[in-house]
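Right, one structure below, let's go through it.
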Amino acid sequence: MNVSSSVLSGSGTRSRLVPAAGLGLAVVLLMVAQVWASAHGVMGPLRSLVDDYFANPQSAAVSWAGLGLACIGAPARVRVVSLVAAAVLDLLTLGLQAACGWHISIGTGPTLVLTALTVVVLRWEGERRRTALQAIAFGALLIMASKLADTWLMVSIITGPRVLDQYVQLADRALGEPAWLVGRALEALGPVPSHVLHVVYIQLPVAAVVVAVWQLRHVSRSAWPRHHLVRTFLVLGVIGPLGYVLFPVVGPVFAYGPLGHGLEIGDWPQVWPAPAHVPQPMLFDSATARNCMPSMHTAWATALFIHSRNAPRWLRWAGAFWLVCTLLATLGFGYHYGADLVAGAVLTLTVESALRDPGRGWDLYRVRIVSLGTSVLAGLLLSYRFLAATMAEYPLPTGVVVLGALATVSFVFYATWFARPGTRLAYWGGRTPADGFATS
């Protein structure tokens, strides 16, 4: 075996081990999370998974997205049979739920079919079996990550009885308090735009699977790409929610609006909050997740946008549409402050830079963008917490600094990964025509 084939073999082995290792880690985390959930009297991920099997699924979109991702590695005939079987089972489940007077929901069909598909694939052999199992592992990881995320939201509540919304709201004055602006605009536009944004907001997993399916459409016949959207989504899902515990924030519609359960201190979005030059942590309820900082919807939508840049035109437009609508929804529904969105975007650019084009290695240019993104994200969070009053007092210069920091990270990211080889910008970003760096 020559050197190049040896390198390719090692790369292939690593690519197969990544989802397997992630799946093993997810199983362990599911067990730990279930023990914690049981001790605190909440459902937990394993109980939620059992509900998915027994006609009480918690999320139809995630179950179907997991099956769709798993089917990528199977032959076309198996894909069709699996998807049709899942649809039939979901229809039968709906009939059973209606007949018994149960809660109406779908998602049991894809869960059962994904399990059956795994059993079938285990009987295959060779590369066909390995490719299919790798796709199934990614699909299962997506579902497990969703279950873990639900439990982590409960962790954020218990570990963060007091929230830092007053700090973020003050800091958001530097950005023009966009949650109030967009919220008022949506109210004025009527129900149709809000309905469209709501669909886009909750169906983000489906949009992600569409992009992932395009990227991975050839894996049943050829090698897996070195990098794809699913990797970024999963890593963001591990790193991002740590902020929920370190920086507990509930969002304008809760802290200042109608969903505050009597604990709100304003009337979002009708009335702008009065300046509070001495912000303080505020005690909040035990039902609202502290899942604002950073905005993970923004982070995932940004990743989706990035990974759709080299897709067909219709998918590029869809990626841009999903990003814009997600940003408007997070603000217009009062789920996030503008400061959350900036942090989410910087997080994605940093994580994507750490994962992108593994064949390039950790050269000076990757280290530069990852270090820059990490520093900017840390600086933003520290500023929101300790300089919020200053940001509110001097909104114009601090707003320029915040948006300028995001623009700088975005510029360096583009130069490092997307600038056309041969241009001066590409040379500054470490890209040359001979490198052939991947941009998927």
Side-chain angles (χ1 to χ4, degrees), residues 14-15 18-19 22 69 138 141-142 145 204-205 207-212 214-216 224-243 294-311 315-316 318-320 322-324 326-327 340-381 405-421 425-426 428-431 435-440:
R14 286 193 296 272
S15 68
V18 168
L69 189 56
F138 278 123
L141 275 172
L142 182 65
L204 182 59
V209 167
V210 171
V211 175
W214 179 83
Q215 289 183 320
L216 304 174
W224 282 72
R226 289 176 292 180
H227 179 50
H228 48 81
L229 178 62
V230 181
R231 297 177 74 232
T232 304
F233 256 55
L234 292 174
V235 173
L236 284 172
V238 172
I239 296 176
L242 294 175
S295 167
M296 292 309 299
H297 264 80
T298 298
W300 283 317
T302 302
L304 189 151
F305 173 80
I306 292 169
H307 280 265
S308 65
R309 291 310 84 201
N310 293 305
L315 194 52
R316 294 199 303 271
W322 223 271
L323 174 60
V324 171
T326 299
L327 297 180
D340 308 334
L341 275 60
V342 175
V346 172
L347 173 65
T348 294
L349 297 176
T350 306
V351 169
E352 179 67 19
S353 294
L355 298 175
R356 197 171 191 83
D357 192 8
R360 182 170 178 172
W362 279 84
D363 59 8
L364 172 64
Y365 305 97
R366 188 192 298 273
V367 172
R368 178 178 64 186
I369 177 60
V370 172
S371 300
L372 174 64
T374 303
S375 300
V376 168
L377 182 58
L380 288 172
L381 296 180
L406 173 60
T408 301
V409 175
S410 301
F411 174 80
V412 178
F413 177 88
Y414 179 84
T416 306
W417 304 112
F418 280 92
R420 184 164 57 86
L425 181 60
W428 182 81
R431 292 171 54 82
D435 291 324
F437 293 145
T439 57
S440 61

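Only a predicted model underlies this, so the values are computations on that prediction, with no experimental measurement involved. Throughout, residue positions are numbered sequentially from 1 according to the sequence presented.
- Between Leu141 atom CG and Leu69 atom CG the span is 9.0 Å, to the nearest 0.5 Å.
- To the nearest 0.5 Å, atoms NE2 (His297) and CG (Asp340) are separated by 13.0 Å.
- Considering only residues two or more places apart in sequence or on other chains, Ala145 meets the side-chain contact (heavy atoms from CB on, under 4.5 Å) condition with Leu234.
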Using a 3.5 Å cut-off and no angle test, enumerate the donor-acceptor pairs between side-chain atoms of residues 235-243 and protein atoms at least two apart in sequence or in another chain.
none

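- Of all heavy-atom pairs spanning Leu315 and Ala311, the tightest one is CD2-CB, 3.5 Å.
- Of the possible polar contacts, none joining the Arg316 side chain to the Asn310 backbone as a donor-acceptor pair under 3.5 Å is found.
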Between Val409 and Ile369, does the side-chain contact (heavy atoms from CB on, under 4.5 Å) criterion hold? Intermediate values first, please.
CA-CA 7 Å; Val409 175; Ile369 177 60; 4.2 Å; yes
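- Residue Arg356 holds its CZ atom at 7.5 Å from OG1 of Thr232, rounded to the nearest 0.5 Å.
- Residues Arg226 and Gly359 come closest through the heavy atom pair NH1-CA, 4.1 Å.
- Applying the side-chain contact (heavy atoms from CB on, under 4.5 Å) rule to Leu327 yields the partners Thr298, Leu323, Leu341; only residues at least two apart in sequence or on another chain are considered.
- Here the OG1 atom belonging to Thr416 is positioned 12.0 Å from the CD atom belonging to Glu352, to the nearest 0.5 angstrom.
- Listed for the Arg366 side chain is a donor-acceptor partner under 3.5 Å among the backbone atoms of Gly361.
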May I have the step-by-step check of side-chain contact (heavy atoms from CB on, under 4.5 Å) for Thr326 and Trp300, ending in yes or no?
CA-CA 10 Å; Thr326 299; Trp300 283 317; over 6 Å; no
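- Expressed to the nearest 0.5 Å, how far CZ of Arg231 lies from CZ of Phe138 amounts to 7.5 Å.
- Using a 4.5 Å heavy-atom threshold, the side chains of Met296 and Leu347 count as touching.
- Distance check: Trp322 CH2 to Leu304 CG gives 8.5 Å after rounding to the nearest 0.5 Å.
- Between His228 and Trp224, the ring-plane angle classifies as tilted under the 30° and 60° cut-offs.
- A distance-only check finds a donor-acceptor pair linking the side chain of Gln215 to the backbone of Leu229 [under 3.5 Å].
- Checked against ring pair (Phe, Tyr, Trp, His ring centres under 6.0 Å), Phe411 has the following partners two or more places apart in sequence or in another chain: Trp428.
- In this structure, Asp357 and His227 approach most closely via the heavy-atom pair N-CB, 4.2 Å.
- In this structure Ser353 satisfies the side-chain hydrogen bond (donor to acceptor under 3.5 Å, both in side chains) test together with Trp417, sequence neighbours excluded.
- Of all non-hydrogen atoms in Trp362 and Ala354, the two that sit nearest each other are CZ2-O, 3.8 Å.
- Residues Gly319 and Ser308 share a closest heavy-atom pair of CA-OG, 3.7 Å.
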Show me the side-chain donor-acceptor pairs of residues 371-381 shorter than 3.5 Å, one per line, residues at least two apart or across chains.
residue: Ser371; atom: OG; partner: Val367; partner atom: O; Å: 2.7
residue: Thr374; atom: OG1; partner: Val370; partner atom: O; Å: 2.8
residue: Ser375; atom: OG; partner: Ser371; partner atom: O; Å: 2.8

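- The minimum heavy-atom distance linking Arg360 with Tyr365 is given by the pair NH2-CB, 3.4 Å.
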